[in-house]
Amino acid sequence: MRAVGLEQVAPLIQDIMLSEQRINTERELPYWYPLSLATYSSEEVMEALHSLVTFRTSMWEKTRSFEEAFGSKFGGEAVMVNSGSSADLMIAFGLHKLSGGPLETGDEVLVPAVTWPTQLWSLLMAGYSARLVDVDPETLNVDLRDLEAKIGPRTRAISLVHLMGNPVNMDAVREICDRHHLILFEDCCESLGAQWNGQFIGTFGQASAFSFFFSHHITTLEGGMILTRDSEFAERLRLLRAHGWSRNLRNPPEVSGGLDPRYTFLSWGFNVRPTELQAGFGLVQLGRFDAFQIERNANASIAIERLKPHREQIRLMSVLPGGSCSWFALPLTVDGDAPFTRDQLTAHLELSGVETRPIVTGNLARHPAIQGFGAQLRVDDLPGADYVHENGFYIGLHPVRSNQSLGRVFDLIDDFIASSS
Ligand SMILES: Cc1ncc(COP(=O)(O)O)c(C=O)c1O
C-alpha cells in the first residue's frame, strides 16, 4: 500500500478500533459467546481506505491480486464476486447453454436438502429443475445412498455442499459422477481450506463457490469467489460477472461489424463485481488464514474433548477418515433419546448468553419459500434432513484463543445435562 500521508493515519485508526473494541467488551451485550467475532484490524481498514483516497474503488488491480493469491493457494483460477450467493449464481448460469455451457433449461440437478438456500435458488433461477437429496445427520452432508438412488434419466449434474467445513467423501462422489456422466460443482462457502485426502475441496468438479461474509473463514465483509480449473469457464464467468461485457475478459476477441471494442457485449450477464475495498480486505485476510486455522482447530479440539462424556446425549458433527475439516462453527445434535430436547438446551444456552442457530436451513423443504415451483422442484421424504431440522443447532467457533469462554460454554452444557438426567 502506498498513498502519500496515509501511513500517518494508521496509528490513529488502530487507536480508534482498540477503544471501540474496549467499549464493546464493557457494554452489556446480549451474548458473551456470540456466533462470530470481528477478525479484521486496522490493516484491512487501511487497505480499504487506500482504495478510497486513491480513487481506485471499482474492480481493478487489487481484485486481480486477490484472485491470483487465492487461486494459487487453493488450486485453480479464481474469479471474485460480491457474495457467495453470487458465486453460486454465476456457476449455475455459466453452465447454461445460453452462456456456452453444457446444461439446458429443464435439466435436473441434485442438491442436498440442508444447505444455504441460495444454492438451490441459483439452480432454479438458471432454469434447471432440482431435486432435494437427503443428508446424513452424523456428518450433516449428503447421504450418498440417497444421492445415487435419486439419479434419474434427466439428472445431469450434482450441486454439492460441504456443510460447516466438513468435507464430503469426494472419492465416492467423483466415482458416482464419473459412472453416471454427471457434472459436479461444489458449494464451499462454509468450508474454505477443508481437504479430502490432502486435496482442497472446491477442486473436484467444474467449479466451486466461496463466501467471505463477516462470519466466514476469511472476510471481505460481503464477498465471494469462484474457483475453477477450466480457463475457458473462468473467462465465461468474467463475462457473466460484468454485464456480458468483453472488456472484462483476459483475452477479448477482435470484434467487427462497426462495434466499438469499449462497448461490446458478448453474452448475457449480471453485475456482481466486487469493489477494490473488498479485494484489499481479502488480501490481508488471506495472509491471516493459516493462523486463523490453528486457532479454529485448537477450539474444535476443546469441544471434541468436552463433549466426549456426553456422547449418548449430544454429538458434534463427525468427520470422515480421509477428511480434514475446516471448522466453520460447532454443530451439535441432541440425540432423539436424550432426556431433554434441542429446544430446551438452546433456550438454556441463549438465556445464559450463548448465541445459537439452527443448522442453516434445517430441512429446506419445510420452508415457505419452497412452495410454488411445481414440477421444477422435486421433494420427497427426507428423514435425515428432518432429524437435523429437529435436533441440530450450532454455536460459534472463533479464530482466536477462546479456551476460557468456550470452557464456560461447556460448563453450562455439563450443568444442564446433570440437572436433566
Ligand atoms: C453453504 C452456503 N452457501 C452459500 C452461502 C451464501 O454466501 P453469501 O452470504 O456470501 O451470499 C452461504 C452463506 O453463509 C452458505 O453458508
Side-chain angles (χ1 to χ4, degrees), residues 35 84-85 88 92 109-124 130-150 157-170 172-173 176 184-192 194 201-202 208-211 213 215-216 314-320 323 325-336 341-343 346 356-371 373 377-397:
L35 280 188
S85 300
D88 278 332
V109 184
L110 302 180
V111 59
V114 179
T115 185
W116 192 252
T118 47
Q119 191 188 354
L120 172 64
W121 305 154
S122 60
L123 302 175
L124 299 172
R131 189 169 185 189
L132 297 182
V133 180
D134 208 6
V135 302
D136 173 356
E138 291 284 327
T139 62
L140 305 176
N141 279 327
V142 69
D143 176 326
L144 292 172
R145 240 175 299 162
D146 196 49
L147 180 74
E148 184 139 28
K150 285 194 170 141
I158 296 174
S159 173
L160 202 67
V161 64
H162 307 271
L163 214 70
M164 296 275 149
N166 200 9
V168 175
N169 178 343
M170 294 313 293
V173 170
I176 291 172
L184 172 69
F185 43 106
E186 301 167 76
D187 181 319
C188 306
C189 287
E190 297 184 359
S191 50
L192 179 66
I201 52 93
S208 51
F210 295 84
S211 166
F213 183 62
S215 53
H216 289 229
I314 310 179
R315 274 190 291 281
L316 195 60
M317 154 185 96
S318 46
V319 180
L320 298 174
C325 187
S326 177
W327 294 90
F328 175 79
L330 292 173
L332 303 163
T333 308
V334 174
D335 193 87
T341 63
R342 183 268 317 263
D343 291 350
T346 52
T356 67
R357 282 284 187 284
I359 307 282
V360 210
T361 53
N363 183 353
L364 190 44
R366 290 166 72 159
H367 289 257
I370 281 299
Q371 309 303 322
F373 291 102
L377 178 61
R378 273 183 83 179
V379 178
D380 319 83
D381 276 352
L382 299 158
D386 280 334
Y387 194 82
V388 173
H389 195 103
E390 283 151 25
N391 300 294
F393 72 100
Y394 75 89
I395 59 173
L397 180 75

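In what follows, residues are counted from 1 in the order of the sequence shown.
To the nearest 0.5 angstrom, D381 atom CG is 10.0 Å from D146 atom CG. Note: N166 CG to L320 CG = 6.5 Å, rounded to the nearest 0.5 Å. Between T333 atom OG1 and Y387 atom OH the span is 7.0 Å, to the nearest 0.5 Å. Remark: D343 CG to N391 CG distance equals 9.0 Å, nearest 0.5 Å. For the atom pair CZ (F210) and NE2 (H216), the distance works out to 12.5 Å, reported to the nearest 0.5 Å. Distance check, rounded to the nearest 0.5 Å: CZ of R315 to CG of L332 gives 11.0 Å.
Contact detail for S122 and A92: the closest heavy-atom pair is O-CB, 3.6 Å. Between C325 and M317 the shortest heavy-atom distance is SG-CE, 3.8 Å. For the residue pair Y394 and V360, the shortest heavy atom distance occurs at CE2-N, 4.3 Å. Taking both residues in full, the closest heavy atoms of S191 and G165 are given as CB-CA, 3.6 Å, listed atom of the first, atom of the second, then distance. Here the closest heavy-atom approach between residue V135 and residue A113 is recorded as CG1-N, 4.2 Å. Taking all atoms of both residues into account, the shortest heavy-atom contact from L382 to A365 is CD1-CB, 4.0 Å.
When atom types are taken as modelled, the side chain of D134 and the backbone of A385 share a donor-acceptor pair closer than 3.5 angstrom. Under the 3.5 Å distance criterion, the side-chain polar atoms of S211 are left unmatched by any main-chain donor or acceptor of C189. Under the 3.5 Å distance criterion, the side-chain polar atoms of E190 are left unmatched by any main-chain donor or acceptor of L163. Here the side chain of H367 pairs a donor or acceptor atom with the backbone of T361 at under 3.5 angstrom. A donor-acceptor contact shorter than 3.5 Å links the side chain of Q119 to the backbone of S159.
Taking a cutoff of 4.0 Å between a charged side-chain nitrogen and a carboxylate oxygen, R131 and D380 qualify as a salt bridge. Ionic pairing of D386 and R366 is present here: one or more N-O contacts between side-chain nitrogen and carboxylate oxygen are shorter than 4.0 angstrom.
Between M170 and L184, the closest side-chain pair of non-hydrogen atoms falls below 4.5 Å. Residues K150 and R378 have side chains not in contact (no heavy-atom distance under 4.5 Å, counting atoms from C-beta outward). At least one side-chain heavy atom of P331 sits less than 4.5 Å from a side-chain heavy atom of L140. Under the 4.5 Å side-chain criterion, counting only non-hydrogen atoms from C-beta, V334 is not in contact with T341. Two residues are said to be in side-chain contact when any heavy atoms from C-beta on lie closer than 4.5 Å; P112 and N141 fail this criterion. Looking at V379 and F373, their side chains never come closer than 4.5 Å, going by heavy atoms from C-beta outward.
Of the N and O atoms on the side chains of T346 and T356, not one donor lies less than 3.5 Å from an acceptor on the other residue.
Each of L124, V133, L132 was evaluated against V111; a single residue qualifies, L132, per the side chain to side chain contact (heavy atoms under 4.5 Å, CB included) test.
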Q. Does the side-chain contact (heavy atoms from CB on, under 4.5 Å) test come out yes or no for L120 and T115, once each step is laid out?
A. CA-CA 8 Å; L120 172 64; T115 185; 5.6 Å; no

Q. Do L123 and F185 pass the side-chain contact (heavy atoms from CB on, under 4.5 Å) test, and can you show the C-alpha distance, the side-chain angles, and the key distance before you say yes or no?
A. CA-CA 11 Å; L123 302 175; F185 43 106; 3.8 Å; yes

